[in-house]
Amino acid sequence: MVKHYLPSSFQEALEIKHQEDVMLIAGGTDLMVQHRTWSELPPQFDKPLLFLFNLAELKYIKKDANTLYIGSMTDLETLLYHNDTPPCLKDIIALMASPAIRYVCTLAGNIVNASPAADSLLALYALDAKLVLTSLKEERIVSIESFITGPRQTIIKSNEIIKEIQLPHQPFNRVHFKKIGGRKSDAISKLAFLGLANVNQDHQIDTFRIVLNAVAPTLIRLHETERTVEGLSLEAFKHQKDALLEAYNTAIKPIDDQRSNRTYRRQAALNLIRQFIETL
Amino acid sequence: MTTVKFTLNGKKVTLETDISRRFLDVLRNDLNQTGPKEGCGEGECGACAVLLDGHSVNSCLLPLAYVHNKEVMTIEGYAETERYKVLEEAFIHEGSVQCGICIPGMMIAAESLLNQNPNPSETSIRHSLSGNLCRCTGYNMIVKAIQRAAQRGKGLW
Ligand SMILES: Cc1cc2nc3c(=O)[nH]c(=O)nc-3n(C[C@H](O)[C@H](O)[C@H](O)COP(=O)(O)OP(=O)(O)OC[C@H]3O[C@@H](n4cnc5c(N)ncnc54)[C@H](O)[C@@H]3O)c2cc1C
Ligand code: FES
Ligand code: FES
């Protein structure tokens with residue numbers, strides 16, 4: 001039988017991770033399904049597990065003038081009901097899994113699982129999230145987009161643990177989230193869309209973001225395209241719509257799988273983008 | 001082998017076993033709690049729900065280690081409470097039970113909701129049941145039962 005670890009401090013967890021090839025487990029809502037065997041038998045893991053969720057040190061939501069700091073073992077139900085959680089992230093979490101699953105699962109798990117259909121990543125990409133990766137000897141901060149390199153691929157090193165997720169405060173007065181799934185809860189996205197913008201008093205677009213999941217190997221956010229729109233008046237923006245749609249049409253590369261197919265995904269993605277830009 | 005300690009229905013439990021085991025199996029096989037059922041085994045049906053520190057969780061996805069130092073209540077323990085009696089009366093009154101296999105999970109989800117929000121709207125009741133599948137009733141009578149329990153049980157939650 002594999003020996004698993006239940007550390008009582010983050011320091012102890014870092015030491016174990018430093019010495020041994022162990023698998024981190026947070027809420028287990030991805031891992032316990034992926035490693036499931038038969039009923040009544042333990043799930044099958046080829047490495048010892050290092051349980052993180054009981055580390056109270058990693059359960060917090062704090063803020064200062066510029067940034068929201070989320071401890072990596074904060075569960076999604078806590079985030080859903082917390083006053084400081086950005087509205088777009090709340091909208092997304094409300095349609096993730098079910099209350100019973102949200103009470104145990106984490107953003108860190110959703111991030112490292114790195115599914116192209118992960119929902120929380122929409123907000124993390126749009127809000128320029130940063131991750132604090134900690135190992136026994138050092139700590140580094142990386143952007144969410146550089147962290148995820150492909151489906152289920154990340155740059156995390158074997159001795160690192162995500163300690164914190166940082167979200168810079170940014171105002172958005174247009175928030176449009178739409179998830180298309182087989183049903184409202186307990187459904188993995190066929191695709192999902194998040195559009196954010198801040199339109200100022202002079203009817204100019206200060207900031208503009210579009211993120212899509214499940215239409216490419218990683219989530220889609222086009223920084224250069226966003227920059228072509230930022231600073232435009234709503235009037236001038238109207239003339240950019242076709243170019244904008246074309247940019248996303250070129251960038252997305254949807255696939256056929258058990259949840260949907262490429263034709264549907266492409267059409268639905270373009271419809272959602274059009275709906276967002278036409279109601280800006 | 002690692003030692004895990006938790007409270008089950010108010011009583012202290014200490015176990016020495018593989019802590020990656022599904023909590024559902026530990027409850028049913030080691031602790032004789034057969035109220036939680038296995039429906040899907042992958043987090044989608046809610047038949048295995050139990051209360052962890054008062055909130056519903058799916059025990060089929062929960063590694064045993066997760067409950068260390070926490071308070072667990074199964075439907076067996078919940079059945080001894082005043083709140084349960086109010087819910088039971090309401091489920092019977094509204095005809096909310098057919099085959100019954102989903103009902104322990106439905107009651108746990110209802111308790112978890114009323115614990116957070118003693119005066120829930122119909123929408124929040126439906127949201128709170130969103131992770132619980134029932135193949136018999138069509139859900140409406142379960143929603144009605146929870147509305148009735150919230151009214152008749154005022155002050156209990
Ligand atoms: C019924 C059901 C419905 C679901 N619905 C949705 C949904 O609607 N949308 C969605 O996006 N997902 C959904 N999921 C998937 C899953 O719940 C999420 O991906 C969840 O956020 C995973 O978090 P966790 O804490 O349970 O991760 P775990 O399973 O514990 O871990 C996942 C991965 O992250 C790694 N990891 C965890 N914590 C850390 C850390 N601190 N540092 C480094 N690595 C770490 C683990 O090693 C593992 O590789 C659903 C799952 C189920 C079972
Ligand atoms: S058996 Fe646990 S959710 Fe279905
Ligand atoms: S009463 Fe039969 S599944 Fe709900």
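In this text the structure is predicted, and so the values were computed from the model without any measurement.
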**Student:** For a quick test of reading the model, state the closest non-hydrogen atom pair linking B:T2 to A:H4 and the distance between them.
**Tutor:**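 Scanning both residues, the minimum pair turns out to be OG1-O, 3.8 Å.
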
**Student:** Quick one: which residues of residues 150-157 of chain B reach chain A at under 4.5 angstrom, heavy atoms only?
**Tutor:**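 Heavy-atom contacts from residues 150-157 of chain B to chain A are absent.
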
**Student:** Chain A: which of B:N58, B:L64, B:L113 shares the most heavy-atom pairs with it under 4.5 Å?
**Tutor:**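 So the answer, after comparing B:N58, B:L64, B:L113, is B:N58.
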
**Student:** Around A:K178, counting heavy atoms of other residues, nucleotides and ligands shown, do more than 12 lie under 6.0 Å from its NZ?
**Tutor:**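 No, the 6.0 Å shell around NZ holds no more than 12 heavy atoms from other groups.
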
**Student:** With a 4.5 angstrom heavy-atom cut-off, is it the side chain or the backbone of B:A49 that approaches chain A, or both, or neither?
**Tutor:**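 Nothing of B:A49, per the 4.5 Å heavy-atom cut-off to chain A.
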
**Student:** Does B:K85 NZ have over 12 foreign heavy atoms under 6.0 Å away?
**Tutor:**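 Correct, the count exceeds 12.
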
**Student:** For B:R135, I'd like to know if atom CZ has over 12 heavy atoms of other residues, nucleotides or ligands within 6.0 Å.
**Tutor:**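 No, because the 6.0 Å sphere around CZ of B:R135 holds 12 heavy atoms or fewer from other groups.
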
**Student:** For residues 23-47 of chain B, give me every residue with a non-hydrogen atom less than 4.5 Å from any non-hydrogen atom of chain A.
**Tutor:**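 At a heavy-atom separation under 4.5 Å, chain A is reached by B:D25, B:N29, B:E38, B:C40, B:G41, B:E42, B:G43, B:E44.
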
**Student:** Which residues in residues 39-53 of chain A have a heavy atom less than 4.5 Å from any heavy atom of chain B?
**Tutor:**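 So the qualifying residues are A:S39, A:E40, A:L41, A:P42, A:P43, A:L49, A:F51, A:F53.
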
**Student:** Non-hydrogen atoms of chain A under 4.5 Å away: do they reach the side chain of B:L133, the backbone, both or neither?
**Tutor:**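 The side chain, not the backbone.
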
**Student:** Might you point out which heavy atoms bring A:Y103 and B:D53 nearest each other, and give the distance in Å?
**Tutor:**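 Taking every non-hydrogen atom into account, OH-CB, 3.9 Å.
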
**Student:** Just verifying a value: how many Å separate B:H55 NE2 and A:D75 CG, rounded to the nearest 0.5 Å?
**Tutor:**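 Reported value, rounded in 0.5 Å steps: 8.0 Å.
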
**Student:** Counting only heavy atoms not in A:K63, do more than 12 fall under 6.0 Å of its NZ?
**Tutor:**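 No, because the 6.0 Å sphere around NZ of A:K63 holds 12 heavy atoms or fewer from other groups.
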
**Student:** Any side-chain heavy atom of B:I19 sitting closer than 4.5 Å to one from A:L6?
**Tutor:**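 When only atoms from C-beta onward are counted, A:L6 and B:I19 do touch, with a gap below 4.5 Å.
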
**Student:** Run the side chain to side chain contact (heavy atoms under 4.5 Å, CB included) check on B:Q116 and A:E77 step by step: do they pass?
**Tutor:** CA-CA 12 Å; B:Q116 288 176 317; A:E77 277 288 276; 4.2 Å; yes

**Student:** What do you reckon, is NZ of A:K59 surrounded by more than 12 foreign heavy atoms closer than 6.0 Å?
**Tutor:**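 Buried by this count: over 12 neighbours within 6.0 Å.
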
**Student:** What residues of residues 117-132 of chain B sit under 4.5 Å from chain A when you count only heavy atoms?
**Tutor:**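 The list, in residue order, reads B:H127, B:S128, B:S130, B:G131.
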
**Student:** Measure distances from A:R183 to the heavy atoms of chain B and classify the residue's part below 4.5 Å as side chain, backbone, both or neither.
**Tutor:**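 The side chain, not the backbone.
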
**Student:** Please report the interatomic distance CE(A:M32) to SG(B:C60), rounded to the nearest 0.5 Å.
**Tutor:**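 Answer rounded to 0.5 Å: 8.5 Å.
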
**Student:** Between chain B and each of A:P99, A:S98, A:A97, count heavy-atom pairs under 4.5 Å; write down the option with the most.
**Tutor:**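 Among A:P99, A:S98, A:A97, the one with the most close pairs to chain B is A:P99.
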
